Amino acid sequence: MQLLSLLEESPIIAAVKEKEGLERCFKTDCQVIFVLFGTICDITEITARIKEQGRTAIIHADLIAGLGAKEVAVQFIRESTRADGIISTKPALLKHARELGLFAIQRSFLVDSLALAGLKKQLDAFKPDAVEIMPGVMPKILKTVREYTGIPLIASGLLSDKRDVLAAFDAGADAVSMTKEELWYI
């Protein structure tokens with residue numbers, strides 16, 4: 001299944017930062033789960049738990065303790081877990097993930113106009129399966145990014161209430177990713 005189809009079916013993404021939160025997200029309708037915690041010792045178990053629940057597991061490769069910024073980290077994820085994809089700020093990891101058949105989601109921190117221009121250049125050079133825009137509370141910037149790319153946009157970071165979530169969708173986001181658990185139920 002394509003990532004856009006998954007996001008259309010389940011546009012609220014549970015971004016989980018600890019095992020207790022992982023268990024709580026299984027009580028929601030969120031079908032896509034971003035894993036923002038773990039180590040090379042337990043990521044296989046974490047991913048297996050997600051897959052047991054019939055959910056899509058996307059691992060934030062940059063946040064897993066013990067994984068490095070080399071392509072072998074993606075190979076480890078592919079061979080040792082049942083993950084469906086990765087999130088990373090590193091284009092080389094994302095390219096390798098696509099080569100291995102994993103979803104590749106580029107996380108981009110848009111803190112100024114230079115970062116926005118850099119994102120456009122990156123997306124022109126390499127098309128990940130989706131781009132996660134942080135912080136996600138910038139509707140004007142989300143609209144700008146939507147204007148120059150057709151790939152799925154995920155708003156993430158600093159979304160604090162339902163109004164922020166709706167503003168992100170109105171601005172063109174295809175999905176929102178949040179660690180704030182009460183927003184998983186919107």
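Note that the structure is predicted; figures quoted are calculated from it, not measured.
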### Task
With side-chain contact (heavy atoms from CB on, under 4.5 Å) as the test, would you mind laying out the steps for L94 and I86 before giving the verdict?
CA-CA 7 Å; L94 297 168; I86 69 162; 4.1 Å; yes

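- Of the options D84, I50, I58, I12, a side chain to side chain contact (heavy atoms under 4.5 Å, CB included) to V32 is made by I58 and by none of the others.
- For the residue pair M178 and W184, the shortest heavy atom distance occurs at O-NE1, 2.6 Å.
- Judged by distance alone, the side chain of T149 and the main-chain N or O of I151 form a donor-acceptor pair under 3.5 Å.
- The backbone N or O of S80 sits less than 3.5 Å from a side-chain atom of T44, completing a donor-acceptor pair.
- The shortest distance between side-chain heavy atoms of K70 and F76 does not fall below 4.5 Å.
- Going from atom CD1 of I154 over to atom CD1 of I13 covers 4.0 Å, rounded to the nearest 0.5 Å.
- The side-chain heavy atoms of H60 and R107, taken from C-beta on, include a pair separated by under 4.5 Å.
- Environment of CG in D42: crowded, with over 12 heavy atoms of neighbouring residues, nucleotides or ligands closer than 6.0 Å.
- Heavy-atom minimum distance, A61 versus I77: CB-CD1, 4.0 Å.
- Follow the hydrophobic side-chain contacts under 4.5 Å out from M138 and you reach V145 in the same cluster.
- Judged by distance alone, the side chain of S156 and the main-chain N or O of S177 form a donor-acceptor pair under 3.5 Å.
- Taken to the nearest 0.5 Å, the CD atom of Q2 stands 11.0 Å off from the CG atom of L7.
- Across A57 and K51, no two heavy atoms sit closer than the pair CB-CD, 4.3 Å.
- No path of Ile, Leu, Val, Met, Phe, Trp and Tyr side chains, each step under 4.5 Å between heavy atoms, connects L158 with L116, placing them in separate hydrophobic clusters.
- Closest approach of G85 to L102, counting heavy atoms only: CA-CB, 3.9 Å.
- Remark: side-chain polar atoms of T47 are paired, donor with acceptor, to backbone N or O of I43 under 3.5 angstrom.
- D129 places no side-chain N or O within 3.5 Å of a backbone atom of I105 that could act as its donor or acceptor partner.
- When hydrophobic clusters are built by joining Ile, Leu, Val, Met, Phe, Trp and Tyr residues whose side-chain heavy atoms come closer than 4.5 Å, directly or via intermediates, L183 is grouped together with I33.
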### Task
Test Q75 against E71 for side chain to side chain donor-acceptor pair (under 3.5 Å), laying out the working first.
CA-CA 7 Å; Q75 189 171 341; E71 292 178 3; over 6 Å; no

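- Side chain of D164 to backbone of S160: a donor-acceptor contact under 3.5 angstrom is found.
- Pairing each heavy atom of G66 with each of I40, the nearest pair is C-CG2, 3.6 Å.
- Electrostatic pairing of R78 and E99 does not count as a salt bridge here, judged by no charged N lying under 4.0 Å from a carboxylate O.
- Note that CD of Q122 and OG of S108 are 5.5 Å apart. Values are rounded to the nearest 0.5 Å.
- Atoms OH and NZ, from Y185 and K162 in turn, are 15.5 Å apart once rounded to the nearest 0.5 Å.
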### Message
Between L93 and D62, is the side-chain contact (heavy atoms from CB on, under 4.5 Å) condition met? List the steps.
### Response
CA-CA 10 Å; L93 296 185; D62 303 349; 4.0 Å; yes

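- Note on R24 versus E18: salt bridge recorded, some NZ/NE/NH1/NH2 to OD/OE distance being below 4.0 Å.
- Taken together through direct or relayed side-chain contacts under 4.5 Å among Ile, Leu, Val, Met, Phe, Trp and Tyr, F126 and V74 form part of one hydrophobic cluster.
- Note on V176: it clusters hydrophobically with I186, by side-chain heavy-atom contacts below 4.5 Å among ILVMFWY residues.
- The side-chain heavy atoms of V131 and L153, taken from C-beta on, include a pair separated by under 4.5 Å.
- With sequence neighbours excluded, the residues forming a side-chain hydrogen bond (donor to acceptor under 3.5 Å, both in side chains) with D174 are R146, listed by chain and number.
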### Task
Output, in order, the C-alpha distance, side-chain angles, deciding distance and verdict of side-chain contact (heavy atoms from CB on, under 4.5 Å) for D124 and Y148.
CA-CA 9 Å; D124 287 343; Y148 64 73; 5.7 Å; no

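- R55 places a side-chain N or O within donor-acceptor distance of the main-chain N or O of C30, the cut-off being under 3.5 Å.
- Ionic pairing of D161 and K180 is not present here: no N-O contact between side-chain nitrogen and carboxylate oxygen is shorter than 4.0 angstrom.
- Side-chain contact between E45 and K19: present, with at least one pair of heavy atoms (C-beta onward) separated by less than 4.5 Å.
- Under a 4.0 Å N-O distance rule, the pair E23/R49 qualifies as a salt bridge.
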### Task
I would like to know whether Q106 and L119 meet side-chain contact (heavy atoms from CB on, under 4.5 Å); could you show each step before the answer?
CA-CA 10 Å; Q106 179 175 331; L119 174 62; 3.6 Å; yes

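- Put simply, CG on L63 and CD1 on I87 are 8.0 Å apart, with the number rounded to the nearest 0.5 Å.
- In this structure, CD1 in I64 is found 8.0 Å from OG1 in T39, a value given to the nearest 0.5 Å.
- Between P135 and L159, the closest side-chain pair of non-hydrogen atoms is not below 4.5 Å.
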